[in-house]
Each structure stands twice: as C-alpha cells, then as structure tokens.
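Note sheet for the following structure.
Predicted model, so just to flag it, every value in this text is computed and none were measured.
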Amino acid sequence: MEEDEGQEQVMSEIHLGCPPDAKSLVSRFTILHSSTPFTGGSEQITDGNHQRYEEEISTCQQFTLDKEGDLVLPRKKHKREIVIDTCDLILIHHHVTTVIPSVGLQIWRASLLLGDFILHSIRTSSFFDDVVALELGAGTGLVGILVTRAAKTVFITDMGVDILDNCFRNVEMNFLTYKYNEKSARVRHLNWQNSWPPKVIQAEEEFMTSPEYKYSWTSSDIDLVEEATILLAADVIYSNGLTDAFFNILRKLMQPGSKKVLFLSLERRYNFTLEDLDIVAHSYRHFRTFFEEDVPKSEGCAIGKPTLKESSITTPYFIGKRLDIATIPQYIQEYDRGGDTELWEIRAH
C-alpha cells in the first residue's frame with residue numbers, strides 16, 4: 001500500500017512484541033480447552049524456529065508453505081501431543097502498523113475479548129449452535145472464524161479490498177489447518193454508509209468466477225441475514241462518524257420486534273480535548289448516546305451515562321446491557337484485557 005507511505009501510522013498494543021522491522025506477520029493464538037490456567041507455556045507448542053510464511057513471521061510461529069502454496073505442518077512429537085490435548089490454536093495474518101483507514105488489518109484487544117465470550121458461550125451453552133450470525137467490521141476475521149465452530153452460517157463483513165482479501169486469507173488458512181466448518185463462513189463487502197440490503201449480483205456463475213464479485217452479496221445471502229439472530233462487532237467505536245454509520249445500519253438490521261441481538265466489544269480510548277479541557281473518552285461517550293442502559297433499579301443511573309439532552313437521539317431506539325467480563329474466563333492466552341475493555345449486549349426496544 002504505497003499510498004500509505006508518509007502518513008501517520010498507528011499500532012495495536014497486541015503487536016508490541018512483534019519484530020520492529022516486520023510489516024506483516026502470522027500470529028498464533030493459544031486457545032485453552034477449559035478455563036484452568038495453562039502453565040505449559042507457548043514454547044511447548046512451538047519448535048522454537050523462526051520460519052517464514054510468505055512475509056516475515058512472529059517468533060511463536062511454526063508454519064511454512066511448500067512450492068504449491070500449501071501449508072506444511074511439522075510432525076507431532078510426544079510432548080506436543082500432550083499440549084494439544086489441553087489447547088487449540090488459531091492463526092491470524094495481520095499488519096503490525098497501519099494508517100487509521102486500514103486498522104482492520106491489525107488485531108485489537110476488544111476482538112480477543114469478544115472471542116473469549118464466544119468460546120465460553122460455545123462451551124457452556126447451545127446459544128451459538130446452528131445460528132446465522134453477521135459480523136460487522138470484521139477486520140482480520142478472528143471473531144467470525146471462532147463463531148464458525150458452532151454456527152450454521154457466519155457472514156464476515158468489512159470494506160476495502162485489502163482488508164477483505166486478508167480476512168478471506170485468514171478464513172482459508174484456519175480451515176486448512178484446523179478443519180473448522182469452512183462452508184459456514186462467507187466474507188462479504190458491507191459499507192455502513194449505504195442502505196440495507198446491499199446491491200446483489202444476479203448470476204451465481206458470475207459470482208463464482210469473477211474476482212470483481214468475490215465479496216458481493218447474492219439474493220440467498222440477504223435472505224439468510226434476515227434470519228440471523230446474532231450480530232457481532234469488535235472495536236468499531238473510535239470515530240463519531242463511524243459510530244453514526246454503525247448505528248444507522250444496525251437500526252435497519254434490527255427492526256422493531258426483531259429477535260436479533262448484538263454483542264459488541266470495545267476499548268475506551270482517552271484523548272485531551274479543548275472543549276472539555278480534560279482527558280476524556282469522547283468516542284465512547286458518543287457511543288453511549290445511542291441506547292438506554294438496562295441496569296438493575298438498585299444500581300440507579302450509570303456513572304458517566306449522558307443524559308437524553310446531551311444525546312443526538314431524544315428517544316433511544318436501542319437498549320443495552322453491559323456484561324460483566326470478570327465472569328468470562330480468558331481462553332485466548334496471548335493478550336491482556338486491560339482496564340478499559342467492555343462487552344455490551346444491545347437489542348432493539
């Protein structure tokens with residue numbers, strides 16, 4: 001992406017341990033099979049070799065490609081077999097730094113938190129079993145890939161060819177390696193600024209053969225999304241304009257009486273503003289104006305919740321409940337949740 005040269009770069013805290021000269025990597029995340037802390041350490045799962053996977057690869061990787069472009073997996077050792085009994089892996093190709101319009105090429109903390117919630121739900125309930133789910137702003141596709149373990153169909157959506165190509169690459173890479181339910185995942189282009197439903201292509205054969213329509217919608221896709229019961233979004237709250245567009249399309253997807261529920265994870269980010277003469281989480285505050293919080297009466301009003309007079313919406317269309325992330329075990333090991341991540345359950349009134 002030569003057009004990004006010279007522009008300000010941003011980097012997710014998840015990438016702080018990546019090689020400083022790396023442009024893009026394949027990072028491997030360890031997923032525990034239970035909430036019991038894993039003490040074996042990632043070094044028991046790797047060979048300790050810094051092999052290459054097309055571009056540079058992070059220090060905890062063990063995968064490479066043959067001349068035909070297929071994954072070459074090392075032979076299992078006895079010690080490795082024991083570890084695999086207690087954990088699983090997911091591979092994600094991502095960039096280390098990007099400009100802000102391309103942050104979907106990075107891995108963000110909130111997506112790993114949402115991943116933990118999905119894994120816990122799958123392992124303790126049937127909530128995700130055989131559902132149709134739609135992920136908004138999927139980025140690298142990590143969240144959607146995890147949902148495919150249980151769901152019937154998952155629409156993994158974002159916009160921009162670079163982001164969608166990378167997302168599709170991650171979907172294929174994990175299906176080839178870990179035999180997830182490949183048929184359940186559909187990577188699609190979705191611009192929140194446009195109306196719903198999006199424009200559909202007419203010819204299925206054209207869809208299968210033309211690169212131009214690789215991420216386009218079919219009429220059968222639209223019908224399936226109408227049946228969707230679960231919507232997902234991770235770390236899409238960082239720009240007021242983007243938040244406006246997000247809730248605009250969310251309102252179209254969640255009509256009154258809709259059975260759809262959105263699970264949204266985010267990270268509060270603080271900046272100094274001249275308007276407030278203070279360090280505030282401005283984007284987070286704007287996000288909170290779009291719904292009424294569902295809190296127990298004993299707790300009273302939520303601290304920091306804008307009043308309706310401060311909100312651009314006089315009658316909130318949505319109702320949201322903040323979930324207690326302390327009750328969600330950390331299955332994905334290679335990240336720290338920090339103190340500013342949150343998980344919300346949002347429904348239409």
Side-chain angles (χ1 to χ4, degrees), residues 12-18 25-48 57-63 71 73-74 76-94 107-129 133 135 138-151 154 170-171 173-181 184-185 230 232 234-235 263 265 267 323-339 341-343:
S12 167
E13 291 184 3
I14 300 298
H15 305 157
L16 289 178
C18 293
L25 306 170
V26 175
S27 287
R28 186 207 62 194
F29 292 90
T30 308
I31 302 172
L32 299 188
H33 285 175
S34 70
S35 58
T36 303
F38 176 58
T39 58
S42 61
E43 66 276 5
Q44 289 185 287
I45 303 174
T46 67
D47 297 328
I57 198 162
S58 59
T59 58
C60 61
Q61 309 311 316
Q62 58 184 21
F63 299 97
L71 282 169
L73 302 180
K76 289 184 178 180
K77 300 178 182 179
H78 179 67
K79 189 176 183 180
R80 175 179 168 80
E81 291 175 344
I82 294 174
V83 176
I84 290 301
D85 286 340
T86 62
C87 67
D88 201 353
L89 307 171
I90 185 170
L91 299 175
I92 298 295
H93 177 267
H94 63 91
I107 303 169
W108 298 91
R109 181 159 29 206
S111 66
L112 299 172
L113 170 62
L114 186 54
D116 276 334
F117 169 75
I118 291 165
L119 290 168
H120 189 56
S121 298
I122 290 174
R123 293 171 184 182
T124 60
S125 73
S126 59
F127 187 73
F128 282 92
D129 290 359
E135 184 183 6
T140 62
L142 183 149
V143 169
I145 291 169
L146 292 176
V147 177
T148 62
R149 294 182 168 205
V154 183
N170 285 327
V171 168
M173 181 165 56
N174 285 281
F175 291 149
L176 288 170
T177 309
Y178 302 116
K179 308 302 182 184
Y180 292 176
N181 185 4
S184 70
I230 297 176
L232 301 159
D235 217 336
F263 293 102
S265 61
E267 183 172 0
L323 304 182
D324 183 4
I325 64 175
T327 65
I328 304 171
Q330 184 168 339
Y331 294 92
I332 304 174
Q333 295 300 287
E334 291 82 0
Y335 83 107
D336 180 357
R337 290 181 180 176
T341 51
E342 295 183 1
L343 180 62

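Ala234 and Val143 make their closest contact through CB-CG2, 4.4 Å (heavy atoms, listed as atom of the first residue, atom of the second, distance). Of all heavy-atom pairs spanning Ser111 and Ser265, the tightest one is N-OG, 4.2 Å.
With values rounded to the nearest 0.5 angstrom, Ile325 atom CD1 is found 11.5 Å from Leu114 atom CG. Rounded to the nearest 0.5 Å, atoms OG1 (Thr140) and CD1 (Ile145) are 7.0 Å apart. Note that CZ of Phe29 and CG of Leu112 are 5.0 Å apart. Values are rounded to the nearest 0.5 Å. Note that CD of Gln333 is 11.5 Å distant from CG of Leu89, once rounded to the nearest 0.5 Å. In this structure, the separation between CG on Leu142 and CD1 on Ile92 is 4.0 Å, given to the nearest 0.5 Å.
For Arg337, the salt bridge (Lys or Arg N to Asp or Glu O under 4.0 Å) partners two or more places apart in sequence, or in a different chain, are Asp116. Remark: His120 engages Tyr331 in a side-chain hydrogen bond (donor to acceptor under 3.5 Å, both in side chains) (not counting sequence neighbours). Ser125 meets the side-chain contact (heavy atoms from CB on, under 4.5 Å) test with Ser121, Phe127; sequence neighbours excluded. Not counting sequence neighbours, the partners of Asp235 by the side-chain hydrogen bond (donor to acceptor under 3.5 Å, both in side chains) test are Arg269.
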Before giving the answer on side chain to side chain contact (heavy atoms under 4.5 Å, CB included), spell out for Thr148 and Asn174 the whole-Å C-alpha distance, their side-chain angles and the decisive distance to 0.1 Å.
-> CA-CA 11 Å; Thr148 62; Asn174 285 281; over 6 Å; no
Decide yes or no on side chain to side chain contact (heavy atoms under 4.5 Å, CB included) for Leu91 and Asn170, but give the supporting numbers first. CA-CA 7 Å; Leu91 299 175; Asn170 285 327; over 6 Å; no
Evaluate side chain to side chain contact (heavy atoms under 4.5 Å, CB included) for Leu146 paired with Ile31, printing each intermediate quantity in order.
CA-CA 10 Å; Leu146 292 176; Ile31 302 172; 3.9 Å; yes
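With hydrogens and angles ignored, the 3.5 Å screen pairs no side-chain donor or acceptor of Thr341 with any backbone N or O of Ala110. For the pair Gln330 (side chain) and Tyr335 (backbone), a donor-acceptor distance under 3.5 Å is present.
Aromatic ring orientation, Phe117 versus Phe128: perpendicular (interplanar angle above 60°, classes split at 30° and 60°).
Paired with Ser27 under the rule side chain to side chain donor-acceptor pair (under 3.5 Å), one option of His94, His93, Glu334 passes, and it is His94. With Arg149 as the partner, the side chain to side chain contact (heavy atoms under 4.5 Å, CB included) test is satisfied by one option alone out of Ile122, Val154, Ile118: Ile122.
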